[in-house]
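First up is the structure itself, then whatever we jot down about it.
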Amino acid sequence: MAITCSSSSLICFSSDFASSSLNLFYSKPNIIIRTHLLFCPRNQKPLNSSVSDKRRNRVSFFSGFSTKRVESFKEELFQAIKPLDRGAEASPEDQARVDQIARKLEAVNDIKEPLKSNFLNGKWELLYTTSQSLLQTKRPKFLRPNGKIYQAININTLRAQNIETWPFFNQATANLVPLNSKRVAVKFDYFRIAGLIPIKSPGSGRGQLEITYLDEELRISRGNRGNLFILKMVDLSYRVPL
């Protein structure tokens, strides 16, 4: 997830058959009989247990099929980005393919309000991005971030932290401002050069991020500049410093 801003190599990245019941009344002389039934259309007999079981089995079948399809898309995505060095080695054709697979997952996303999900909390590793401000592909390779890059989120405190490892060890922290159930404004407040020297944000470090797919191990996000970010969960227990 990245706002994309860069001071030297400083990273900031921001820049996705319920049963209802009815009470039916049958009247006979001096008798009222109340029955509690699963809803069924007028003139249709109530479902017997065997029909109900068949429907439950059908729902279970389609649920299992959907899960298998999601896992298939995820495996396809992981295989596509594996040789791309976090996106630095991606050709335009590679980028188009990754984007296409990401859209498949976004289309079957079960979590419609990711900002209300505890799946967001923890430390995420950046696997792939199209953000040139983050990849720095125009620099010599030894001047680019070569170690792992992480992003941590604590949705309870609306805080985020970007963590760059070897060779620069830069960090940034930010406040998150929900704009809707999927999108946040990201306002960076502090940067740390080499993880030690704190610098207050001048106010220009801000952007927006939309979470377009989320589950317990994978997050796909899109920035306000159209960049794609794909991350995997690595530490559920990590919490962003206040």
Side-chain angles (χ1 to χ4, degrees), residues 1-16 77 80-81 84-90 92 94-107 109 111-115 117 119-139 144-145 148-155 158-164 170-191 201-215 218-233 240:
M1 140 185 184
I3 238 180
T4 46
C5 73
S6 178
S7 166
S8 172
S9 64
L10 182 64
I11 60 159
C12 333
F13 61 113
S14 83
S15 45
D16 129 238
L77 182 65
I81 65 180
L84 300 182
D85 188 22
R86 218 163 31 214
E89 301 295 330
D94 292 326
Q95 290 180 345
R97 183 182 175 221
V98 171
D99 188 81
Q100 183 182 44
I101 302 169
R103 290 184 186 279
K104 290 181 185 178
L105 280 164
E106 290 166 341
N109 184 22
I111 298 179
K112 306 302 182 185
E113 297 183 316
L115 293 180
S117 172
F119 284 159
L120 271 180
N121 289 326
K123 183 189 285 187
W124 299 82
E125 179 187 346
L126 181 68
L127 299 182
Y128 173 88
T129 185
T130 56
S131 170
Q132 286 301 310
S133 296
L134 194 57
L135 295 172
Q136 298 289 335
T137 55
K138 293 182 180 179
R139 294 183 179 184
R144 304 178 199 167
K148 292 182 177 182
I149 296 174
Y150 299 102
Q151 183 177 74
I153 293 179
N154 188 339
I155 200 62
L158 293 174
R159 293 284 288 165
Q161 179 184 26
N162 296 329
I163 305 167
E164 183 182 284
N170 296 318
Q171 297 183 20
T173 53
N175 292 311
L176 304 177
V177 181
L179 302 177
N180 57 38
S181 60
K182 295 182 178 181
R183 181 180 288 270
V184 293
V186 182
K187 299 180 179 180
F188 287 90
D189 51 8
Y190 277 95
F191 305 111
S201 170
S204 59
R206 60 182 59 200
Q208 292 184 17
L209 189 77
E210 183 173 1
I211 299 162
T212 54
Y213 179 87
L214 178 67
D215 65 25
L218 177 68
R219 173 160 58 93
I220 300 175
S221 301
R222 295 183 183 269
N224 55 300
R225 296 184 180 180
N227 286 313
L228 176 65
F229 305 94
I230 300 173
L231 307 94
K232 72 172 181 179
M233 174 58 69
V240 180

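- For the atom pair Ser221 OG and Glu106 CD, the distance stands at 9.0 Å (nearest 0.5 Å).
- Counting only heavy atoms from C-beta outward, the side chains of Leu120 and Arg219 approach each other to under 4.5 Å.
- Between Ala80 and Val98, the closest heavy-atom pair is CB-CG2, 4.3 Å.
- With hydrogens and angles ignored, the 3.5 Å screen pairs no side-chain donor or acceptor of Asn154 with any backbone N or O of Arg159.
- Considering only residues two or more places apart in sequence or on other chains, Ser117 meets the side chain to side chain donor-acceptor pair (under 3.5 Å) condition with none of them.
- Counting heavy atoms from C-beta outward, Leu214 and Lys182 have side chains that stay 4.5 Å or more apart.
- A donor-acceptor contact shorter than 3.5 Å links the side chain of Thr130 to the backbone of Leu228.
- Here the closest heavy-atom approach between residue Leu115 and residue Pro178 is recorded as CD1-CB, 4.0 Å.
- In this structure, the side chains of Leu231 and Leu127 stay at 4.5 Å or more apart for every pair of heavy atoms.
- Distance check: Asn227 CG to Gln132 CD gives 8.5 Å after rounding to the nearest 0.5 Å.
- Considering CD of Gln100 and CD of Gln95, their distance stands at 14.0 Å, rounded to 0.5 Å.
- In this structure, the side chains of Ile149 and Asn162 stay at 4.5 Å or more apart for every pair of heavy atoms.
- Looking only at distances, a side-chain donor or acceptor of Lys112 sits under 3.5 Å from a matching main-chain atom of Asn109.
- Of the possible donor and acceptor atoms, one in the side chain of Arg144 sits under 3.5 Å from a partner among the backbone N and O of Arg139.
- No side-chain heavy atom of Tyr128 sits less than 4.5 Å from a side-chain heavy atom of Arg86.
- The closest side-chain heavy-atom distance from Gln151 to Leu126 is not below 4.5 Å.
- The minimum heavy-atom distance linking Tyr213 with Leu105 is given by the pair CD1-O, 3.3 Å.
- Of all heavy-atom pairs spanning Leu135 and Thr129, the tightest one is CD1-O, 3.5 Å.
- Scanning all heavy atoms of the two residues, the minimum distance from Phe188 to Arg206 falls at CD1-N, 4.4 Å.
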Hey, mind stepping through Arg222 and Asp99 against side chain to side chain contact (heavy atoms under 4.5 Å, CB included) and telling me if it holds?
-> CA-CA 11 Å; Arg222 295 183 183 269; Asp99 188 81; 2.9 Å; yes
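- For the pair Leu209 and Phe229, the minimum side-chain heavy-atom distance is below 4.5 Å.
- Listed here is the closest heavy atom pair of Val186 and Ala174: CG1-CB, 3.7 Å.
- Inspection of the Ser201 and Asp189 side chains reveals no N or O donor paired with an N or O acceptor under 3.5 Å.
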